[in-house]
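Down below is the structure, laid out as structure tokens.
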Amino acid sequence: MHERLLPASPNWYCSRSSDTNSNGIFGFGAKNTVYLISITPSPVVIGELNGHRERVSGFAFCHHPGQENLCASSSDDGTVKIWDINERATLKEHKSHQSTITALHWSPVEKDLVVSGDEKGIVACYWHNRDDTQTFFPEPRNIFSLSCSPHNSNHIAVGYKDGMIIVIDITKKNEVVHRLRGHDDEIHALAWCPEPNEELLHSRPEESPEVTNGVTEGQDKGCYLASGSKDQTVRIWSTTRGKCVITLKLPFLKRRGMGVDPSVKERLWLTVHWPKGRPTNVVSSCFGGELIMWDLAKSGKQRWSLLGSSSDSQNHSRIVFNISSVRIGEDREVLISTSMDREIKCWDLSSLECCWTLPTLGGFVYTLSFSPVGTGCLALGVGDNMIRVWSTLSIQNKYDTRTFWQGIKSKVTALSWHPAKEGSLAFGTDDGKVGIYEAYSNKPPQISSTYHRKTVYTLAWGPPVPPMSFGGAGDKPSFSLYSCAGEGVIFQHDPWKLAGEATDIDKLIRDTNNINHKLSPHTELCWKPDGKILAIGNEDGSIEVYQAPNLKLLCTIQQHHKILNVLRWHHEHGSEPGLCHLLASGSSNAIVYVHDLKSIIESPPENAVLITEAYRSLAGHTAKITSLAWSPHHDGRLVSVCYDGTAQVWDVLKDEALCNYRGHKGRLLCVQWSPVDPDLVWTGGDDFTVQEWAVSKQEHTKPPRGKKGIELEKKRASQQKAKAKKKKKASGKGGAKEEGERGNCSTNEPTAWLKEPGRQIDRVVAEKVQNEGKPLSVIKKDAKEERKREKPEILMKKRKARSILPLSTSMDHRPKEDLQQDCLTLAAVRYSGAITHQCVPGAGEHIQLGLFTDRESLYRMFQEEGHSHMDSGHYDSAIYLLLWKGDIAGALQMATEKGELTDHLVSISPMGGYKVWLKTVEAFVKQLCFQEQHLKAASYLLSIHKVYEAIHLLKSQQLYREAIALAKARLQPEDPVIKDLYTTWAAVLEKDGHYSTAAKCYLAADSAFDAAKVIAKKGDMISLKTAAKLAGIVGENELSHSLSLRCAKELMSAEDWLGAREVLRTQESLLGHQALLCTNELLIARLSETGVVRQSSSSTPSLSEPCGDDLFTTVKSVWQRELGISSSDPDRVRSMHQQLKAIDVPDATPNIPINQLLYHVSLHITMGLQSCLLGEWGVGLEELLGGVARFVRAGHFSLMSETCSLLFPEGRDSILQYKGKLEPSDKKGLAATESLEAFVCYRQLYELWWRASSDVNPSMGNEKSDAAQSGSNTESQNSSASHGSDLQQQEAGIKTEISVEFCSALLSEPHATLQATQRAVAEIQQKLASLVHQHSQAQEAAVSPGRTVSDVPGVSQDMASSADPGQSNGTESLPSLIALVSEHNKKLETIPEHMKKYPFPDVIECCLVLLYMDRNSISVLECLKAEALALLQKYGSTTSYRKASQRFLS
């Protein structure tokens, strides 16, 4: 529909709101629309995608072959839409996000996958072909950007506001593949390398190993990832190694001889892009809008190149937000960038030069103006505080535009070119400023020293009028600049002396036309092209035509009845001389009127003429007319634009509509006819676009019909068409209207397109997308002003006050005869005193006479008037009558009963006495409470000294802050009411989550303990630290200790060892927990070296441990160095031991987290070491056994194995050394030692088995290879010389025998007896439970008639499964099972307590392993094998081992 179009500006601060497809189509989000532009050979807007209700926050094309027509967009309205750009239609959409969507990308690998992220951290994957959505929540952080890997369809890189980058795998729910840490501020963009491997940069010397990150190791071949951050760096990450390999710092470029603003970091947006055909080149933005090409294969200053370095004008002037690239043909790759300077630029990546620039618009297009001197030079006034001057006739660049912004602080609402001086452009702004730009120079504009108080809506050049026209020819300008603004004033500015004061032309109009009344506020002016006639439009809809230079009023046109928006004179070069006298006008009544003023202008009348009939009435629009333009190429051809969103071309001479343009998506505000092409028209509107369109190519001839248009057509048809013009002389020289009917200029804002109540509000809402909107109060104020401006004549008619004596007043409106009779009656009463029962002044039919006789009659009149007021509900009038009588008590009583007490009545109540005043104030307080004016009510209670009641009133309304302020001001400090207020308010604040304020209340109430507790309630690190410090300050040491421990434990779980140590260090009495922290850190560090535990990438070590020592020795040395703990101070060690002993540790379960398990084990190790320092070796070994047993109960064999190797590096020899330090009488210690020795041998047995199995069959035991490889360190080498030779022979393929000493600790018959009995009891208990279940099911079956036990679902299966396959079910009755349990319990009682107390490896399991090894790989001594078989035959009959035992016993 359009020939050329300047689109709306791309949306700012979005990580990806533009993209380019392989067909050379560039799409970007602007406001709530997506614009599509063909980029070759020059930019052409080819279409729009409309459907979103709010700002478009993301846009991406599908880059799969054959699907280039598909694209996706996200919006602040919460939707993600899939589009077909060929059909301009939405294919699919989803609304999975509950928060604002901040990032979007179409997967380069999976053709139907669109990924989006929001500010709450939710990542949504949408497969549009199957309409399936999955959401992920990898991190609770604000997502700023994301990018799908071009090589792995499951990997997505996500950048967050706090600088974190993660790579997630969408096939594994919430699993993070890498956490990439290095940036410390917002991640603005992410870009993957187009090549799939990382061989290109492996040998770079700039790699930074100190920033290594990652959660899991990647594959052998990964992909580089580039990130741009607000911290002014670009980083290249290796996703194979999970670390940063290159850090690029932005260079500080000097532009125009000036350095970078020191605060430039706050305005920085650093976007990055990795072009497809350039694996070693990354393009990024810089500080001031420059684009930089980084060569990753180079170093130093040669590493980067500046795009557009040949000319500074090629670069963007402000920060760049988005970059995309596309290959055009086989050998050319171009890059498209969008910027805050509202320009879209295309760059050739081969030459690094700018190919073209497309200007865009960031606000309403308020005004258009073609230069009368510079042909084809179009000026645009836009709401983004800038002026564009567009050379529309440029051949090389169809969008050759210059931008002017200096000296402009608000929206540009009016423009006007100088009629003779080339390049001189006057402008007016929303803040009332008027200035002149010289478009062909770089000088800043000249600004008039006279400001308008409201928005400037019209500028016009015309001949000077007095006083500026006085003086010689060389002393005055040939043209003056006239400005009309919202306050209704027209100023005349001297363009030669803008610093001088402008003059108001109203003074000249008054003086010339002898006008004494107030002039109507002006809203529009237009000089006739010959400079002899000035037309002025007013707020009341009238048009006044003046003759220059003295501005004599020729006529007043009373056609419009709403505020006038636009006036336009026909051009002077028409084929008929009379056409130049045609004046077109438009207002808010949707009709364009054209008046022929030929007779008025050619034969000026002595007195002003009133015109009420139009030459032509052009109806068809359905909303207010905003602008008009005559065609300079035709006679009588006019174009009008309107709020109905269309532009209409009229043939005024034929009175018919020619064509209607409907290409805009919003209201139209301005129009200009092309000065060179008779078929082209330019329009601008509130859709942020300027469009050039051809009249001959439009398919519509009339505006779209609406209700208002239909009504206007009917009205027009009912009028007589052939009416002669009526010319009426005005009653005054100012016009036909009286002064009182004119609008009030001080409360109006007349405009050519801001004339309706909704205009200001609509403008604010629409421009809120890219410009800061007005607050609600301003919008409401503007709406009120617009309503005032809508009907000024109504506002001027002040509402007459209601009479307080309506009955007597109404008697004055009777017929004249009755009024004269009243005079006779009054005379008779006053002069003859003849008062009868038929004539009582002040009552009945003679109520009006009460005003003219004595006081008694007046009181009678007051009484009747009062009754009338009461019946009508006008209680205030009745109260005033009582006050006038002096009945203050009666007036107050009536006001109290009717709820009509006021401040005035209360203020006069003391006249009735103290009791009356007190009673009135109390009544007024109740009335105020009913009206919810509680603060005012409390103040009145204070006036009668009821302080406690006032405080209680405020408290009851939850005005705690005010109640406390009042109480503190009026009560004694120790008054319990104050404390009660604090505690009550604190409870409410705590319930609402305002913990800090609640803590202040508790502190003020001397409840320091509660203050610390409430601060800690939030549970984050800062709150816990603050609460601990607060508790320490106020003397709550126990609470301070517990909070410090809680905080330290949270930091330990996050492996922030340094932070945990700092917290515990503030508490001197927590020395035991400091020792536990050291042990835990050292244990995790040692285990992470073996690979069974992975330390977090954010771990902050706080200790430097000696290398090569065993764990016991290392812990002791660290304790002595860091904490001063040694065996020389037993009292201190004993105190620490008692402190740790108070820690309640739950039993280990298979589901326990690794960090928690290691913490519990560290506690056992710490307490064991402390016992050893005290010489209590038995107790110490018990603690060590407890730690090992925890690993076994949790099912972590590899952790148990590695911990044993750390604690007992020499295996059984280490245990024997500890055993030698025990006293012979220490039975518990010896039993613990025996169990520890068994676990060490148990570990060694499994390692030998796994190694032998892997040597015989490498494919076996893959799931155990890790533990076997990491666990066979020292004890397998040092157990004994004979064992070492056995291993060597086994590795050589020869079966060897295992020494009896190695397994003697495992094949313990007492422990086998204990374990078999415990298993038997467990099996019997399971059978008992099954029988009870069957019994309950049978009872349920018995309740329902006709059902049997076998009919009950699950019962028959339970009965079958409960029976052992090898035994008869008939003997397993309930009594027999109970008897078996009793028998086994008696057997357990005979076993020593220490054996039941300490855990031991499963003896039958060890027997099975030995026999399995003997059968497959390793020869076992016959005596050992026989012992194992004996134990297996005796104790292996339980259900869990029966099947495995039969293989060796059969």
Side-chain angles (χ1 to χ4, degrees), residues 1-6 42-45 356-359 361 365 367-382 387-404 415-426 437 439-440 460-461 526-527 529-530 568-576 579-580 582 584 627-641 647-653 658-661 663-664 668-685 689-698:
M1 296 175 68
H2 58 262
E3 303 298 313
R4 276 186 288 183
L5 181 147
L6 283 185
S42 60
V44 177
V45 179
W356 50 258
T357 299
L358 175 65
L361 309 177
V365 182
T367 177
L368 297 173
S369 179
F370 270 106
S371 172
V373 180
T375 306
C377 197
L378 176 64
L380 290 67
V382 189
I387 299 171
R388 276 89 167 171
V389 176
W390 185 359
S391 299
T392 60
L393 302 181
S394 175
I395 299 176
Q396 296 180 349
N397 182 5
K398 291 185 177 181
Y399 294 93
D400 183 11
T401 306
R402 296 186 63 192
T403 303
F404 301 89
L415 292 172
S416 181
W417 291 95
H418 195 283
K421 185 179 179 182
E422 185 176 8
S424 186
L425 176 64
Y437 252 112
Y440 298 106
W461 295 90
C526 183
W527 280 96
D530 60 4
R568 291 292 182 270
W569 290 98
H570 195 282
H571 56 81
E572 294 285 324
H573 47 272
S575 59
E576 298 180 16
L579 292 177
C580 64
L582 294 180
S627 187
L628 301 167
W630 291 97
S631 168
H633 314 282
H634 306 86
D635 290 340
R637 187 162 294 186
L638 179 71
V639 61
S640 60
V641 293
Q648 179 66 43
V649 178
W650 311 89
D651 189 328
V652 175
L653 302 181
L658 297 181
C659 84
N660 183 259
Y661 178 70
H664 286 272
L668 299 190
L669 304 178
C670 51
V671 62
Q672 284 281 296
W673 209 297
S674 172
V676 293
D677 191 334
D679 197 36
L680 292 181
V681 177
W682 300 76
T683 51
T689 65
V690 169
Q691 301 184 19
E692 176 195 41
W693 48 276
V695 175
S696 60
K697 296 182 181 180
Q698 306 310 311

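Ring geometry for Trp682 versus Phe370: interplanar angle over 60°, hence perpendicular rather than tilted (30 to 60°).
Here the CG atom belonging to Leu425 is positioned 10.0 Å from the OH atom belonging to Tyr440, to the nearest 0.5 angstrom. Rounded to the nearest 0.5 Å, atoms OG (Ser674) and NE2 (His633) are 5.5 Å apart. Rounding to the nearest 0.5 angstrom, the gap separating the OG atom in Ser391 from the CD atom in Gln396 is 12.0 Å. Here the NE2-CG distance, from His570 to Asp635, works out to 5.5 Å after rounding to the nearest 0.5 Å. Between the CD1 atom of Ile395 and the CG atom of Leu393 there is a distance of 8.5 Å, given to the nearest 0.5 Å. Note that the CG atom of Leu378 and the OG atom of Ser369 stand 7.5 Å from one another [nearest 0.5 Å].
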Residue pair Leu380, Leu368: steps toward the side chain to side chain contact (heavy atoms under 4.5 Å, CB included) verdict: CA-CA 5 Å; Leu380 290 67; Leu368 297 173; 3.7 Å; yes

Audit row: Trp417, Val373, side chain to side chain contact (heavy atoms under 4.5 Å, CB included) steps and yes/no: CA-CA 9 Å; Trp417 291 95; Val373 180; over 6 Å; no

Derivation and outcome, side chain to side chain contact (heavy atoms under 4.5 Å, CB included), residues Cys377 and Val389: CA-CA 7 Å; Cys377 197; Val389 176; 3.2 Å; yes

Stepwise side chain to side chain contact (heavy atoms under 4.5 Å, CB included) test for Glu692 and Thr392: CA-CA 10 Å; Glu692 176 195 41; Thr392 60; 5.9 Å; no

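Residues Arg388 and Leu361 are in side-chain contact: their nearest non-hydrogen atoms beyond the backbone lie under 4.5 Å apart. Within the 4.5 Å cutoff, no side-chain heavy atoms of His664 are placed close to those of Val641. Looking at heavy atoms from C-beta onward, Trp390 lies in side-chain contact with Leu6 at the 4.5 angstrom threshold. Inter-residue side-chain proximity for Arg637 and Leu658 is flagged as met; some heavy-atom pair is nearer than 4.5 Å. Using a 4.5 Å cut-off on side-chain heavy atoms (C-beta onward), Leu579 and Leu653 make contact. Under the 4.5 Å side-chain criterion, counting only non-hydrogen atoms from C-beta, Val671 is not in contact with Ser640. Contact check for Pro419 versus Trp527: no side-chain heavy atoms found under the 4.5 Å cut-off. Leu415 has its side chain out of reach of Tyr437: every pair of non-hydrogen atoms, C-beta onward, lies at least 4.5 Å apart.
The minimum heavy-atom distance between Asn660 and Gln648, with the atom names listed, is ND2-OE1, 2.9 Å. Between Arg568 and Trp630, the closest heavy-atom pair is O-NE1, 3.1 Å. Minimum interatomic distance between Val365 and Cys670 (heavy atoms only, all atoms of both residues): O-SG, 3.4 Å. Summarising the geometry of Trp673 relative to Pro678, their closest heavy-atom pair is NE1-O, 3.1 Å, with the distance given to 0.1 Å. The two atoms that bring Phe404 and Ala439 nearest to each other are CZ-O, 3.4 Å, heavy atoms only. What you find for Ala647 and Leu668 is that their closest heavy atoms are N-CD1, 3.7 Å.
Of the possible donor and acceptor atoms, one in the side chain of Trp569 sits under 3.5 Å from a partner among the backbone N and O of Cys526.
Listed by chain and number, the residues in a ring-ring contact (aromatic ring centres under 6.0 Å, His included) with His571 are His573 (sequence neighbours excluded).
Tested against Val695 for a side-chain contact (heavy atoms from CB on, under 4.5 Å), the candidates Asp679, Leu680, Asp677 yield a single pass: Asp679.
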